[in-house]
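This report concerns only the one structure given below.
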There are 2 protein chains.
Amino acid sequence: MDSTVARERALDAAERLFYSRSVHAVGMADVRDASGVSLKRLYQLFPAKEQLVEAYLERRDRRWRQRLAAYADRYAEPERRVVAVFDWLGEWFAEPEFHGCAWINAYGELGATSELVARQVRRHKAAFKEYLTGLVREAGLERELAEELFLLAEGAMVTAGITRSPEPAAHARRAAVRAIEAGRASARAAAGRG
Amino acid sequence: MDSTVARERALDAAERLFYSRSVHAVGMADVRDASGVSLKRLYQLFPAKEQLVEAYLERRDRRWRQRLAAYADRYAEPERRVVAVFDWLGEWFAEPEFHGCAWINAYGELGATSELVARQVRRHKAAFKEYLTGLVREAGLERELAEELFLLAEGAMVTAGITRSPEPAAHARRAAVRAIEAGRASARAAAGRG
DNA sequence: CACCGTAGAGAATGATGGTTCTCCCCGGTA
DNA sequence: TACCGGGGAGAACCATCATTCTCTACGGTG
């Protein structure tokens with residue numbers, strides 16, 4: 001088995017297991033059993049479990065943001081793209097494997113003890129906020145709105161995870177639409193004054 | 001040492017340690033060392049670590065909601081009390097021991113493996129939402145607003161924990177004020193129509 | 001065919017940590 | 001004083017891993 005193939009398989013198994021059961025509940029032997037990659041190889045690819053966790057979070061981050069962007073990009077209208085973020089959250093929450101936000105979960109579990117993990121989580125959340133900020137800017141909405149939408153999205157993720165329900169996405173979406181409308185009005189007012 | 005005293009001391013130590021370092025990073029021996037309560041006594045009071053965690057979350061829930069309510073109650077005006085929730089979050093986030101929301105953290109760590117913990121977390125979040133809903137009702141604002149404010153508060157908690165900054169409280173507060181004003185306007189409009 | 005490096009299976013190692021057990025002391029009681 | 005029960009200190013026990021090591025097989029190469 002090629003080294004890159006082994007790496008992908010290991011990460012596939014790690015992601016499935018860590019995400020659904022949490023990190024401390026999954027042993028390296030579980031990852032081996034689920035991936036077919038021997039312990040020896042696992043330790044060649046990742047010097048320690050912590051690095052496997054780091055790699056899992058990093059790859060998931062890349063894919064997660066790609067999926068989100070691909071979804072939002074289906075809309076040409078910039079403002080619609082902002083709302084699409086919440087539509088996408090709703091689809092994500094409704095997936096049968098959904099188990100909350102992987103980064104929020106990892107932070108709760110390991111943020112206090114692993115700087116590597118804490119950094120991955122901060123990076124991911126910063127990137128997501130950055131993405132939202134870009135959408136808001138392109139839609140010509142006030143910058144502060146991004147902060148608010150970010151908090152709504154985070155609140156929806158954490159609540160959907162805890163309650164095992166996709167409902168929070170709809171609530172967040174409604175709130176987002178109202179905030180956007182309010183922001184649009186005040187942006188127009190500012191333009192009128194300026 | 002009285003049994004109730006031992007219980008309180010054990011919970012004091014457990015709370016301090018579990019909250020700051022996470023549950024799996026703290027052993028029963030650590031709790032013994034920090035509390036002065038022997039292992040034998042600890043296991044008399046709590047049949048297993050899981051129950052100690054449960055009791056920690058439960059006592060913290062009672063105190064947390066009491067502190068919040070006491071803070072908000074200083075304001076006579078119902079609508080002001082709603083906003084006070086976010087003021088209080090800001091004070092909480094700024095405490096030096098602040099380390100995110102204990103329940104969100106616990107859920108990320110143990111939600112998938114401990115039904116006892118998962119239940120405590122759901123109970124706590126439901127109670128907090130219930131509290132917000134009550135405040136919103138008393139202020140004569142539309143019911144749906146509570147959902148939105150809840151998501152903002154959750155988003156602020158999780159973000160403040162991850163970024164180690166009290167800033168999200170201010171952002172959430174601003175968003176809350178705007179949402180309340182919008183809600184007030186639409187409530188008046190509905191009253192006018194009704 | 002003989003050699004070699006890599007890989008896998010799975011046991012060994014070592015640490016950690018939840019839970020229990022032993023042994024001893026002390027305070028209360030007849 | 002002799003007895004007794006609860007309590008503490010800390011070792012013991014046991015399971016669970018993360019990580020490493022051993023042994024064996026195999027595919028490529030001269």
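Every chain is numbered from 1, with letters handed out A, B, ... down the list of sequences.
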Worksheet item: What nucleic acid atoms does Val37(B) come within less than 4.0 Å of, heavy atoms only: base, sugar-phosphate, or nothing?
Response: nothing
Candidates [options] - which lies nearest the side chain of [X]:
| X | options | answer |
| --- | --- | --- |
| Tyr43(A) | dT19(D), dT19(C), dG8(C) | dT19(D) |
| Leu39(A) | dT19(C), dA18(D), dT20(D) | dT20(D) |
| Met28(A) | dA9(D), dA18(D), dG8(C) | dA18(D) |

Worksheet item: Taking OP1 and OP2 of dT6(C), is either one under 4.0 Å from a side-chain nitrogen or oxygen of Gln44(A)?
Response: no
Item to complete: Please step through salt bridge (Lys or Arg N to Asp or Glu O under 4.0 Å) for the pair Glu147(B) and Arg174(A), ending with a clear verdict.
Response: CA-CA 10 Å; Glu147(B) 208 69 54; Arg174(A) 203 189 47 221; over 6 Å; no
Given atom [atom1] of [X] and atom [atom2] of [N], what is their separation to the nearest angstrom?
| X | N | atom1 | atom2 | result |
| --- | --- | --- | --- | --- |
| Leu45(B) | dG6(D) | CG | C1' | 13 Å |
| Leu42(B) | dG7(D) | CG | P | 13 Å |
| Arg32(B) | dG7(D) | CZ | P | 17 Å |
| Gln51(B) | dT19(C) | CD | P | 9 Å |
| Leu52(B) | dT19(C) | CG | P | 10 Å |
| Asp30(B) | dG17(C) | CG | C1' | 9 Å |
| His24(B) | dA18(D) | NE2 | P | 11 Å |
| Asp33(A) | dC17(D) | CG | P | 12 Å |

Worksheet item: Got a salt bridge between Arg16(B) and Glu97(B), using NZ or NE/NH1/NH2 to carboxylate O under 4.0 Å?
Response: no
Worksheet item: Just by distance, with hydrogens left out, do Thr159(A) and Glu154(B) show a side-chain donor and acceptor under 3.5 Å apart?
Response: no
Practice prompt. Evaluate the ring planes of Trp64(A) and Trp103(A), with Trp represented by its six-membered ring, and classify them as parallel (under 30°), tilted (30 to 60°) or perpendicular (over 60°).
Written response: perpendicular
Worksheet entry | Of Lys40(B) and Pro47(B), the one whose closest DNA chain C nucleotide lies more 5' | Pro47(B)
Worksheet item: Going by heavy atoms in the side chains, are Arg122(B) and Arg164(A) under 4.5 Å from each other?
Response: yes
